[in-house]
2 protein chains.
Amino acid sequence: MRQKEKVTIYDISKKLNISAATVSRALNDSDRVSLKTKELVLKTAKELNYQQNALALALKSGRTFNVGVVVPYINHTFFASVIRGIEEELEPKGYHVIICQTHENVESEAKQIKTLLNTHIDGIFISVSKTTESVKHIEEVRDEGVPLIFFDRKKDISGVSSVTINDFEGAYEATTHLIQQGYTNIAHIGGDHKLEIYKHRYDGYIAALKAHNLPVNDDLLLQVNSTVEAGIEAVKFLLKNNISFDAIFSASDYVALGGMRELRANGFKIPEDVGVVGFSNEPFTKYLERPLTTVGQTPVLMGQIAAQVFLEQITDVKKNFRVEKKVVLSPELYTRDTSIKKGS
Amino acid sequence: MRQKEKVTIYDISKKLNISAATVSRALNDSDRVSLKTKELVLKTAKELNYQQNALALALKSGRTFNVGVVVPYINHTFFASVIRGIEEELEPKGYHVIICQTHENVESEAKQIKTLLNTHIDGIFISVSKTTESVKHIEEVRDEGVPLIFFDRKKDISGVSSVTINDFEGAYEATTHLIQQGYTNIAHIGGDHKLEIYKHRYDGYIAALKAHNLPVNDDLLLQVNSTVEAGIEAVKFLLKNNISFDAIFSASDYVALGGMRELRANGFKIPEDVGVVGFSNEPFTKYLERPLTTVGQTPVLMGQIAAQVFLEQITDVKKNFRVEKKVVLSPELYTRDTSIKKGS
DNA sequence: TTGTATGCGTTATCAC
DNA sequence: GTGATAACGCATACAA
């Protein structure tokens, strides 16, 4: 039951009475080794069940074939799906994914990045936390020459690539859809504008209103956290203050869900009295008794593309130049029950 | 923008005109070094922004402070939450978590484990795939002396610890709850018995019926995959064959959801005509317009405990003995709307 | 208390 | 084509 002996290239070299260097060359398919010894080495390597020691290789080469992914929470479907996309793309290439969560906390984020750098990861994928304002800890990654890719929640740092979705477009489409369904008094319950994504969703909402000659009413603009409870509170607030509205475009599915609860509790019918559109296409949205219209972000695809950008980047680094690549994915509107005005 | 020079203990030793060995000792707080030089070393280490090279340490010590987690899918809430629990417990101790998903595929599982072992992880946490029958690849982990911990979906392998929930108890309680609500003709839509968890849930259901002197009707026993679609099909099957039932205990929330859809589509009222209980307490269950009664598995706690078992195990290994620890957590029944018979 | 030498497993740079 | 040797950065047995 004790540790099995690890077989090294020396074991092979001894058995074959050749040098370890030759074994190494044979294993790496160098052309400076005879076909005969190459075959011999490969054969005995298999016999002895030789496994290359990744650690020694990493120490020597500086590459670990590990990448780090830093997200606010790993058990949020969106982030878990992005990670899955990254993993699917990178695993066939021999990479491992190390995940870190920040709990929306900058200090934690900085610490995670530091230890990741110390572990000599080959690259970092990050979706910044809500509280991240200073980006010193992120710039350090770039300055150390470690490939860095933002996804979804990015910061503007020169020389860093990113993969995001077009939040403006998503919001614009969602709002336009509500307008086309006949809703004219649309509230927007968004998130903190410190995060670009929420700012862009807000902008898209405003642009859609203006494009359709609808007035912008400040009373209909709220910024809340992305939780069911916040959604309940937001609608309570609107109702309490007698602010009239016939639709809600929410920047979060959770908020939309909470909002719908509160609306129903107050006798409003959805979508007859109030239309509702969320954002993210969280899995639960389509399972609701009255499925929620929402904007999908193709998170798995986002992860896959982020991984591809990373792979391009490491070959670029070898060529000694750095490109800043900004990929913007198109969101997709899932039109479901909560926004279809009957008879329209 | 190029790679920053990494500072090593040699840089410190040169600057201080002492040997690298002394620096190493000072950094490791050895008592075989004078307080004066210790302070000096620590000071210059900070000045030079010295970072220990984890790779070299790993090569030397054999410990990487990385652990692997192998799950069927990382973007399933249950598994993501377990991972989060593991991560929360291990991160403060300096460990990193490497995640791998098998997509319910044994071959993939074997491959993932193999590469994990090759990366010299310090331990492996695993929830086996649905298709895992032979456990050779898992026994190899144990045989290599790498700490191994099963969680949720385990296999019986001697010398391996596990953290699971008491599925029998969860199913027993769920079924008993339905009986107490007045349902007497309870169908059980379960999963493949190759996975212990589904077998145990089945056993718990049967035991509850017998304990309350209710007959076991084979027509009411189905085994399906854990998807919404499978739930729809299952109920369709029951209805088509005129098999009467007044409640469903499902081993999966997804199946329960699909089942409810189909029931409503056929004019059945829930919970008046048919009571429904699911399993897992997936996040969406409580957001449904009519929240679903379900059995919660405390996944975060499961992860935390698995991590604790791991930590115990590595200290045990040092002491040169191995304990097999089986932790069984108690599930929790979340009684919600779908199983409360009106007026009872 | 400190320094020297060696090894962890590999690969790259020399020689031959 | 092949072999000897150094180096990656660290920790430790042994000397001093």
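Within every chain, numbering begins at 1; the chains are lettered A, B, ... in the order of the sequence lines, protein sequences first and strands thereafter.
One atom, CG of N17(B), and another, C1' of dT1(C), lie 17 Å apart when rounded to the nearest Å. With rounding to whole Å, L16(B) atom CG is found 15 Å from dG3(C) atom C1'. As a whole-Å value, the separation of H120(A) NE2 from dG9(D) P is 8 Å. At whole-Å resolution of the value, NZ in K38(A) and P in dG1(D) are 10 Å apart. Rounded to an integer number of Å, the gap from CG of D29(B) to P of dT1(C) is 13 Å. Rounded to an integer number of Å, the gap from L55(A) CG to dC10(D) P is 14 Å. Rounded to whole Å, the distance from CZ on R63(B) to C1' on dC8(C) is 16 Å.
Side-chain N/O atoms of Q313(A) and S161(A) include a donor and acceptor closer than 3.5 Å. Between the side chains of S129(A) and T131(A), a donor-acceptor pair is found at a separation under 3.5 Å. Residues T132(A) and E109(A) have side chains that bring a donor and an acceptor to within less than 3.5 angstrom of each other.
Remark: the backbone N or O of T22(B) is paired with a side-chain donor or acceptor of S19(B) at under 3.5 angstrom.
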Which pairs, protein N/O on one side and nucleotides 9-13 of chain C N/O on the other, fall under 3.5 Å?
{"residue": "dT10(C)", "atom": "OP1", "partner": "Y50(A)", "partner atom": "OH", "Å": "2.5"}
{"residue": "dT10(C)", "atom": "OP1", "partner": "N53(A)", "partner atom": "N", "Å": "3.2"}
{"residue": "dT10(C)", "atom": "OP2", "partner": "I9(A)", "partner atom": "N", "Å": "2.9"}
{"residue": "dT10(C)", "atom": "O5'", "partner": "Y50(A)", "partner atom": "OH", "Å": "3.4"}
{"residue": "dT11(C)", "atom": "OP1", "partner": "N28(A)", "partner atom": "ND2", "Å": "3.3"}
{"residue": "dT11(C)", "atom": "OP1", "partner": "Q52(A)", "partner atom": "NE2", "Å": "3.0"}
{"residue": "dT11(C)", "atom": "OP2", "partner": "S24(A)", "partner atom": "OG", "Å": "2.7"}
{"residue": "dT11(C)", "atom": "OP2", "partner": "N28(A)", "partner atom": "ND2", "Å": "3.4"}
{"residue": "dT11(C)", "atom": "O2", "partner": "K60(A)", "partner atom": "NZ", "Å": "3.1"}

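Looking at heavy-atom distances under 4.0 Å, S61(A) makes no contact with the nucleic acid at all. I18(B) comes within 4.0 angstrom of sugar-phosphate atoms only, judged by non-hydrogen atoms across all strands, and of no base.
The phosphate of dG3(C) has OP1 or OP2 within less than 4.0 Å of a side-chain N or O from S19(B). In terms of phosphate contacts, T37(A) brings a side-chain nitrogen or oxygen within less than 4.0 Å of OP1 or OP2 of dT2(D).
Separation of the Y95(B) and F310(B) ring centroids falls under the 6.0 Å cut-off.
Annotation: salt bridge (charged side-chain N to carboxylate O under 4.0 Å, His left out) contacts involving residues 76-90 of chain A, sequence neighbours excluded, comprise R84(A)-E88(A).
In this structure, R63(B) is positioned above the aromatic face of F65(B), its NZ or CZ under 6.0 Å from the six-membered ring centre and within 45° of the axis.
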